Amino acid sequence: MTARGVLVFGIVDDGQLRPATAELIGAGKALADDGAGPLTVALLGAVTDAHGEAVDRAGVEEILLVSSPEPSFEAHVAEAALAALIESRRPSVVLAGHTVDSLGFAPALAARAGLGFATDVSGIGWGEDGASARRGAYAERLTAELDFPGRETVLLLLREGAFEPATAAGSAPVSRLDLDLAGAARTELVERRTPPAGDVDITTADFLLSIGRGVEDEEQVAKLEEIAAKIGATLSVSRPLVDAGWVPSDRQVGQSGRTVAPKVYLALGISGAVQHLAGISAAKTIIAVNSDPDAPIFAAAHYGAVADLFEVATELQQQLG
Amino acid sequence: MKVLVPVKSVAQIDGEPLLDGAAEVSPDLLEWRLNEWDEFALEAALRLVEGDGGEVVVVTVGQEEAEEGLLACLAKGADRAVRIWDPALAGADPLAVAGLLARLATEEQPDLILGGVQSSDSGNAATAVALAGLLDLPRVAVVAGIELDGDQLTVERELDGGAIEVLRLRTPALLTVQTGINEPRYATLRAIKQAKAKPLATLGPAELGTDAAAALALAGSRTVALAMPERGEGATMIDGPPSAIAGRIAEIVTAEVGS
C-alpha cells in the first residue's frame with residue numbers, strides 16, 4: 001500500500017479549536033511513525049495564526065489554515081473543504097473527531113467520494129495492507145476489526161478520549177490555503193442558544209448519585225433525589241431521563257450533557273452507553289449498581305454490584321443518611 | 001408532502017457470543033427490535049404529515065425479522081413500508097445501505113427524509129447522512145426540534161453540552177433525529193391488527209436496478225474479525241444482599257468524600 005500521508009482535519013468553531021484536536025494529531029503521528037507518510041494538519045474556520053501554533057506539535061510536517069466564509073461551523077462548507085483537500089493531496093488516511101459536527105458532513109463525503117470510512121473509531125493501525133481500525137459492535141458488547149480494501153483514502157472519525165494527545169512542541173511551517181467555499185453553505189444560522197444555568201451545578205459536585213434507564217417512573221426519580229440529598233450527594237442522570245422529561249437537562253451527564261469530575265460517581269441503573277461514559281472519564285471512583293450483569297458500565301467502573309438499584313439506594317440512605 | 005423514514009431493526013446479543021475469530025455473530029444469538037432513534041424519527045414524520053397532510057413511507061434494509069419493525073411503524077401510522085433485502089447483504093455497512101436507500105429515494109422523491117441519529121447496535125451515525133450525500137440533499141445531523149413552513153425548515157441542531165443551534169434550510173432535505181425530540185406514540189391494538197392490511201413491499205436489489213455485489217462494492221469498510229473487548233481490570237464486584245452492598249458503598253464514599 002502506497003503511503004501518501006495522514007491528514008488531520010480540525011474545526012475552528014466560534015474562534016475555538018476543539019481540545020480533542022490534539023488527540024487526532026497524536027493518533028496521526030502514530031500512523032506516520034508506522035509508515036503511513038507525512039502528517040499534515042488542516043484547520044477550517046475563522047482561523048488565526050494562534051490556531052496554527054496550537055496544533056504545531058512534534059511530528060507535524062505541515063499546517064494548513066483554511067478560512068471559512070461562515071463565522072461558525074457549517075456542515076456543507078466543511079464537506080466541500082475536506083473534499084477539496086482530499087482531491088488535491090490524496091492522503092492515505094484522514095482523521096477527524098467523532099463529534100456532532102463531523103456527523104453532519106463526513107458520511108456524506110465518504111459516500112460521495114468513495115472513501116474508506118469508519119466512525120467512532122477507538123483504535124487505528126497502519127500496515128502492509130494500509131489502514132485498519134477498531135470500533136465497537138453490537139452495542140459495545142464486541143469490538144470489530146475493520147480494513148478498507150481498495151480504498152485510496154480512508155476517512156476515520158476518532159472517538160474522543162480514546163487516543164493520547166500530542167503534547168511535544170513542533171516546528172512545522174504554517175501556510176494559508178485558499179479554497180473556493182463561497183456558496184457551499186446550505187443552511188442559514190439563525191441563532192445559538194446555550195442552556196440556561198440551573199439551580200445545581202453537577203460539574204463541581206464531589207459526590208454524584210447518578211440514575212438512568214433502570215429507574216422506572218417519575219415517582220422513583222423524586223424518591224432518589226430525596227435519598228441523594230440525605231446522603232450528601234447531588235443527583236445527576238443519563239440521557240433517557242431527560243428525554244422522558246423527568247429531569248431538566250442541566251442534570252445530564254455525558255457527551256450531549258455535562259462532563260463531570262466527582263470524587264465518587266455512584267451510577268444506579270445506568271447501562272453505560274459510550275455517550276454517557278464520555279462524561280465520566282474524569283471521575284475518581286466509579287461505583288455501578290445494575291441488575292444486568294452484562295451492562296457495559298461494569299467495564300468502566302471501579303466497583304460494581306449486580307442488584308436492584310432501589311433496594312441498594314434505600315439501604316444506603318439508612319447507612320449514610 | 002411525502003416523508004421517507006429509513007429505519008433499522010437492531011440486533012441485540014442474547015447470551016454469550018462464541019466468536020473464535022469470526023466476522024459475524026451467529027444469527028441464533030440475536031434478538032431484533034426497532035432502533036430507538038428511529039421511533040423518534042417516525043413520530044416526527046407522523047406529526048408533520050398530520051399537520052400538513054401527505055404520506056409517511058418507512059423503508060428498511062433488513063432480513064425477514066425486520067418486517068416486525070416495519071409492521072410496528074405501520075401500526076403507529078406510517079402509510080406504506082418497503083423492505084429491501086438480499087441474503088448477501090447481511091452485515092452491509094452504512095455506505096452500502098445508503099446506496100440502496102438512495103435508489104429507493106430516487107424513485108419515491110420524498111420532500112423530506114427523517115432518519116435516526118444512529119442505531120443502538122452499531123452506532124455508526126452514518127447511514128442517513130451518507131444518503132443525503134448520495135442524493136445531494138442539504139442535511140442537518142442531530143436534530144432536537146423541527147418546524148416546517150411551506151418548503152422552509154427551521155430546525156434545532158444539538159451541540160455538545162446541551163447547547164442548541166437554530167438553522168434554516170429548504171426542502172427537499174434530510175434530517176437525523178435525536179431522542180427526546182418528541183414522545184413517540186404507542187399503537188392501539190386495533191391499529192396493530194390493521195397494520196397487516198397496509199402495503200408492505202419487499203424489493204431485491206434487482207428491482208432497484210442493481211445487484212447485491214454492486215451494492216456491497218460501495219461499502220466503506222470490511223469487518224475482518226469480531227472480538228470480546230479488552231475490559232482491562234474491570235470493576236471489583238461487591239457481592240451479597242443489598243444491605244451488604246450498601247455497606248461497602250458507604251465505606252468507599254466515606255473514605256473518598258469524607259462524611
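Note that these values count all heavy atoms, side chains included, but never hydrogens, waters or copies made by symmetry. Chain A is the first sequence line, chain B the second, and so forth, proteins listed ahead of strands; every chain is numbered from 1. Only a predicted model underlies this, so the values are computations on that prediction, with no experimental measurement involved.
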Is it the backbone or the side chain of [X] that comes under 4.5 Å from a heavy atom of chain B, or both, or neither?
X	value
A/Glu74	neither
A/Leu266	side chain
A/Val154	neither
A/Asp308	neither
A/Gln275	side chain

When only pairs under 4.5 Å are counted, which of [options] shares the most heavy-atom pairs with chain A?
options	result
B/Thr223, B/Val142, B/Asn124	B/Asn124
B/Gly162, B/Ala173, B/Ala141	B/Gly162
B/Leu169, B/Val166, B/Asp121, B/Asp136	B/Val166
B/Arg157, B/Arg170, B/Arg248	B/Arg157
B/Leu153, B/Leu134, B/Val10	B/Leu134
B/Ser120, B/Pro241, B/Ala126	B/Ala126

So does [Y] get a backbone contact from the side chain of [X], meaning a donor-acceptor N/O pair under 3.5 Å?
X	Y	answer
A/His302	A/Ile286	yes
B/Thr106	B/Ala102	yes
B/Arg103	B/Leu208	yes
A/Asn290	A/Ala295	no
A/Glu145	A/Arg135	no

Among the options [options], pick out the one with the most heavy-atom pairs lying under 4.5 Å from chain B.
options	answer
A/Phe117, A/Phe298, A/Tyr138	A/Tyr138
A/Arg193, A/Lys263, A/Glu79	A/Arg193
A/Ala307, A/Ser256, A/Pro240	A/Ser256
A/Asp206, A/Ile231, A/Thr194, A/Leu189	A/Leu189
A/Arg239, A/Glu191, A/Gln255	A/Arg239
A/Gly104, A/Ala139, A/Gly304, A/Ala111	A/Gly304

When you look at [atom1] of [X], are more than 12 heavy atoms from neighbouring residues, nucleotides or ligands closer to it than 6.0 Å?
X	atom1	answer
B/Asp149	CG	no
A/Glu188	CD	yes
A/Arg213	CZ	no

Heavy-atom cut-off 4.5 Å, strictly under: side chain, backbone, both or neither for [X] against chain A?
X	result
B/Leu95	side chain
B/Ala128	neither
B/Glu183	neither
B/Ala219	backbone
B/Leu30	side chain
B/Glu156	side chain

> Applying the side chain to side chain contact (heavy atoms under 4.5 Å, CB included) test to A/Tyr265, which of A/Ile287, A/Ile270, A/Thr285 qualifies?
Replying inline: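 Between A/Tyr265 and the candidates, side chain to side chain contact (heavy atoms under 4.5 Å, CB included) is satisfied uniquely by A/Ile270.
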
> Could you state the interatomic distance from CG (A/Leu209) to CD (A/Gln317), rounded to the nearest 0.5 Å?
Replying inline: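 These two atoms lie 11.0 Å from each other.
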
>> Please report the interatomic distance NZ(B/Lys76) to OH(B/Tyr186), rounded to the nearest 0.5 Å.
In response: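 Here the interatomic distance stands at 7.5 Å.
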
> If you measure only the distance, is there a donor-acceptor pair under 3.5 Å linking the side chains of B/Thr127 and B/Lys8?
Replying inline: no

>> Does any part of the side chain of A/Ile124, heavy atoms only, come nearer than 4.5 Å to the side chain of A/Leu156, both counted from C-beta?
In response: yes

> Should B/Ile84 and B/Val97 count as side-chain neighbours, where that means a heavy-atom distance under 4.5 Å?
Replying inline: no

